[in-house]
Amino acid sequence: MSKTQRITPRTLKGFRDYLPAAMIPRERLISTARRVYRSYGFSPVDTPALEYLEILAGKGGEETDKQLYKFEDHGGRWVGLRFDLTVPLARFAAQHMAELGTPLKRYHIATVWRGENTQRGRYREFMQCDFDTIGTRSVAADVETALVIHDLFGALGFEAFTIRLNHRGVLTGLLERLDLADRAVPVLRALDKLAKVGPVAVADEMKAAAGATDAQAEEILRLAAIEGTNDEILAQLEPLVAGSPLGNSGVARLAELLSAVRAAGVAAGRVKLDVSIARGLDYYTGTVFETLLDALPAIGSVCSGGRYDNLAELYTNQELPGVGASLGLDRLLAAMEELGMIEKTATPAPVFVAFFDKNRLHDYLRLAAALRARGLGVELYPDPKKLGQQLKYADRRGHRVALIAGENEFTAGTVQVKDLATGKMQDVAWTGTDAGPLVEAIGRILGRIS
RNA sequence: GUGGCUGUAGCUCAGUUGGUUAGAGCGCUGGAUUGUGGUUCCAGAAGUCGGGGGUUCGAGUCCCCUCUGCCACCCCA
């Protein structure tokens with residue numbers, strides 16, 4: 001094939017390849033999320049990437065509709081790629097609830113697609129790690145949602161992160177009192193930008209987009225401007241929503257939630273009440289969560305969620321309230337990359353076996369197999385190249401230990417164990433049967449803090 | 001979707017007011033007495049200068065379009 005007719009290898013905007021160095025931390029993150037979710041009793045599920053368009057359309061608000069990848073399939077059906085995992089969950093719950101029963105605690109780690117403009121940490125194909133509890137209105141489920149987020153970020157090695165929370169009822173209650181309840185969406189949209197654009201711009205937008213008066217805008221901003229400890233904020237919130245049942249129950253719910261989270265042992269300051277967060281998704285009705293990395297707030301929320309009263313109402317008569325959150329895996333990875341939290345290794349196997357003597361392949365295979373049987377990741381170099389080149393390869397790939405054995409070692413019944421970080425080597429007994437001494441020597445090197 | 005910036009070997013970048021066969025560092029491949037890497041030395045492969053069109057005797061260098069990346073808006077993970 002001539003050079004001119006060759007197809008340029010490329011990927012679509014917002015879609016990416018994952019090389020080993022990127023995929024290894026990615027998989028590690030996924031397995032950490034999985035472990036934490038499971039530790040709370042959430043069970044795995046999966047759903048199709050493609051759904052009937054009617055299932056997806058109009059569920060996340062106007063904006064998500066525009067971002068929806070949709071097309072006609074070969075059978076003339078209108079279909080769409082899921083843009084989150086919550087809407088598929090609603091369909092899933094409506095379809096299978098009779099079989100599964102409540103409460104349903106499920107986690108779902110999968111790819112979603114949104115046809116929007118790309119930015120750092122923002123792609124058209126990305127992965128979400130959702131966990132939700134369906135079929136209960138209990139505050140216990142809200143509390144566990146916060147606890148899962150807390151445990152998850154702790155397990156990932158984050159020291160400084162803040163779970164910000166709010167309750168839709170607080171804002172709605174205030175809006176009811178101000179007679180703005182029918183314009184909640186534009187008002188909340190404006191309010192959501194408070195941290196970014198400041199109070200003056202927010203007031204202007206409320207007046208322009210929602211037709212609020214100066215007094216109304218001022219009142220809303222006063223609510224959002226409340227500062228202090230969680231308890232102080234709660235105390236100031238009460239009079240502001242006085243007279244609104246919705247507002248009162250929202251404040252009460254937040255108080256309950258905060259004291260429970262504290263009782264569960266979460267450090268003060270980790271969970272912060274923030275009445276200005278509204279969250280764009282229309283289906284939230286109660287508690288809302290957002291998680292920010294203290295070191296990198298600009299990248300936005302890396303784990304968000306909240307409570308929804310009846311997500312599945314479009315698909316079933318049965319009432320299915322729920323609460324949950326979604327970890328933005330790719331955004332979080334972009335943040336961790338920027339914070340230098342991604343270990344640079346291109347191999348998942350710490351042990352490297354050199355193919356040193358071309359007549360000894362069987363012995364190397366036996367050696368590698370014996371170590372793998374003991375739970376070690378072992379890579380055998382495929383070609384009997386010069387030892388120097390093999391070691392160079394092992395070093396560049398990030399292997400920690402190299403095993404070298406030639407005629408001398410085999411005759412002596414040993415294997416040379418080399419610590420690739422320090423260069424130190426030692427001969428360890430190996431006659432083809434007992435891997436114990438080798439496992440111990442390798443374990444010492446791997447356990448050492450490098 | 002709208003606006004701004006950007007695009008030269010795998011990566012980071014040079015490339016003079018448009019002028020002969022486009023360079024460097026790193027990386028990669030191989031070598032420097034046939035058993036030891038991360039330091040050194042030598043050699044090599046690798047770019048239709050993101051793609052297309054135009055202006056010009058002549059364009060990596062100017063103009064238009066398009067694609068990509070980044071930033072802002074919007075929205076959000």
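For the numbers below, each heavy atom of this structure counts, side chains included, while hydrogens, waters and symmetry mates do not. Predicted model, so just to flag it, every value in this text is computed and none were measured. Chain letters run A, B, ... following the sequence lines, proteins first, then strands; residues in each count from 1.
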For atom [atom1], what is the distance between [N] and [M], given to the nearest Å?
N: B:C62; M: B:G19; atom1: P; result: 11 Å
N: B:A45; M: B:A22; atom1: P; result: 15 Å
N: B:U29; M: B:C71; atom1: C1'; result: 39 Å
N: B:U20; M: B:C26; atom1: P; result: 28 Å
N: B:U6; M: B:C70; atom1: C1'; result: 7 Å
N: B:A43; M: B:G35; atom1: C1'; result: 25 Å
N: B:C28; M: B:C67; atom1: P; result: 36 Å
N: B:G18; M: B:C63; atom1: P; result: 11 Å

(message) The criterion is salt bridge (Lys or Arg N to Asp or Glu O under 4.0 Å); which residues satisfy it with A:Asp151, sequence neighbours excluded?
(response)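 By the salt bridge (Lys or Arg N to Asp or Glu O under 4.0 Å) rule, A:Asp151 matches no residue at all.
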(request) For residues 401-415 of chain A, pull every pair meeting salt bridge (Lys or Arg N to Asp or Glu O under 4.0 Å), keeping only residues two or more places apart or in separate chains. (result)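 The answer is A:Arg360-A:Glu407.
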(request) Tell me whether the centres of the aromatic rings in A:Tyr123 and A:Phe15 are closer together than 6.0 Å. (result)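 A:Tyr123 vs A:Phe15: aromatic centres not under 6.0 Å.
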For the pair made of [atom1] in [X] and [atom2] in [N], what is the distance, rounded to whole Å?
X: A:Gln390; N: B:G30; atom1: CD; atom2: P; result: 11 Å
X: A:Glu337; N: B:G69; atom1: CD; atom2: C1'; result: 16 Å
X: A:Arg114; N: B:G1; atom1: CZ; atom2: P; result: 17 Å
X: A:Arg124; N: B:C74; atom1: CZ; atom2: P; result: 19 Å
X: A:Phe126; N: B:C76; atom1: CZ; atom2: P; result: 12 Å
X: A:Gln128; N: B:C75; atom1: CD; atom2: C1'; result: 14 Å
X: A:Gln67; N: B:C75; atom1: CD; atom2: P; result: 11 Å
X: A:Arg331; N: B:C70; atom1: CZ; atom2: C1'; result: 15 Å

Results of ring pair (Phe, Tyr, Trp, His ring centres under 6.0 Å) for [X] - residues two or more places apart only:
X: A:Tyr315; value: none
X: A:Phe161; value: A:Phe153
X: A:Phe92; value: A:His96
X: A:His108; value: none

(request) For nucleotides 32-45 of chain B, just jot down a letter per nucleotide in 5' to 3' order: B, S or -, based on protein non-hydrogen atoms under 4.0 Å. (result) S--BBBB-------
(message) Considering only residues two or more places apart or on different chains, which pairs with a residue in residues 38-59 of chain A satisfy ring-ring contact (aromatic ring centres under 6.0 Å, His included)?
(response)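 Qualifying pairs: A:Phe42-A:Phe131.
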Pairwise N/O distances under 3.5 Å, protein to nucleotides 2-7 of chain B:
{"residue": "B:U2", "atom": "O4", "partner": "A:Asn117", "partner atom": "ND2", "Å": "2.7"}

(request) Take A:Ser326 and A:Asp84 through the side chain to side chain donor-acceptor pair (under 3.5 Å) test and state the conclusion after the steps. (result) CA-CA 9 Å; A:Ser326 177; A:Asp84 73 3; over 6 Å; no
(request) Go through the structure and list residues passing side-chain contact (heavy atoms from CB on, under 4.5 Å) with A:Thr118, not counting sequence neighbours. (result)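 Result, side-chain contact (heavy atoms from CB on, under 4.5 Å) vs A:Thr118: A:Lys13, A:Arg124.
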(request) Would you please name every residue forming a side-chain contact (heavy atoms from CB on, under 4.5 Å) with A:Arg34, sequence neighbours left out? (result)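 Here the qualifying residues are A:Ile30, A:Arg38, A:Tyr107, A:Ile109.
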(request) Treating a pair as Watson-Crick (purine N1 to pyrimidine N3 plus N6-O4 or O6-N4) or G-U wobble (N1-O2 and O6-N3) with both distances under 3.5 Å, list the stems of 3 or more consecutive pairs that involve RNA chain B. (result)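 Stem segments, range with range: B:1-5 with B:69-73, B:10-13 with B:23-26, B:28-32 with B:40-44, B:50-54 with B:62-66.
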(message) Using a distance-only criterion (donor-acceptor N/O pair, under 3.5 Å, no hydrogens), is the base of B:C75 paired with the side chain of A:Arg122?
(response)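 It does, because a donor-acceptor pair links the side chain of A:Arg122 to the base of B:C75 below 3.5 Å.
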(message) Please compare A:Val302 and A:Leu12 by the position of their nearest nucleotide in RNA chain B and report the one closer to 5'.
(response)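 Going by which nucleotide is closer to the 5' end, it is A:Leu12.
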(message) Closest-nucleotide mapping onto RNA chain B: is A:Glu205 or A:Arg16 further toward the 5' terminus? I mean the 5' end.
(response)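 With A:Glu205 and A:Arg16 compared, the 5'-side residue is A:Arg16.
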(message) Which residue in the set A:Ile134, A:Asp132, A:Thr133 passes side chain to side chain contact (heavy atoms under 4.5 Å, CB included) when paired with A:Arg106?
(response)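 Exactly one option meets the side chain to side chain contact (heavy atoms under 4.5 Å, CB included) with A:Arg106, and it is A:Asp132.
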(request) Decide whether A:Thr11 and A:Arg16 meet the rule of one side-chain donor and one side-chain acceptor closer than 3.5 Å. (result)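 No donor-acceptor contact under 3.5 Å links the two side chains.
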(message) Side chain of A:Lys13, heavy atoms from C-beta onward: which of B:G30, B:G69, B:C71 has the nearest atom to it?
(response)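 Nucleotide nearest to A:Lys13's side chain: B:G69.
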(request) Describe the nucleic acid contact of A:Gly115 in one word from base, sugar-phosphate, nothing, applying a heavy-atom distance below 4.0 Å. (result)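 If one applies the 4.0 Å heavy-atom cut-off, A:Gly115 turns out to touch nothing in the nucleic acid.
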(request) Would you indicate, yes or no, if B:C71 has its OP1 or OP2 atom less than 4.0 angstrom from a side-chain nitrogen or oxygen of A:Arg120? (result)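 A:Arg120 to B:C71 OP1/OP2: side-chain N or O found under 4.0 Å.
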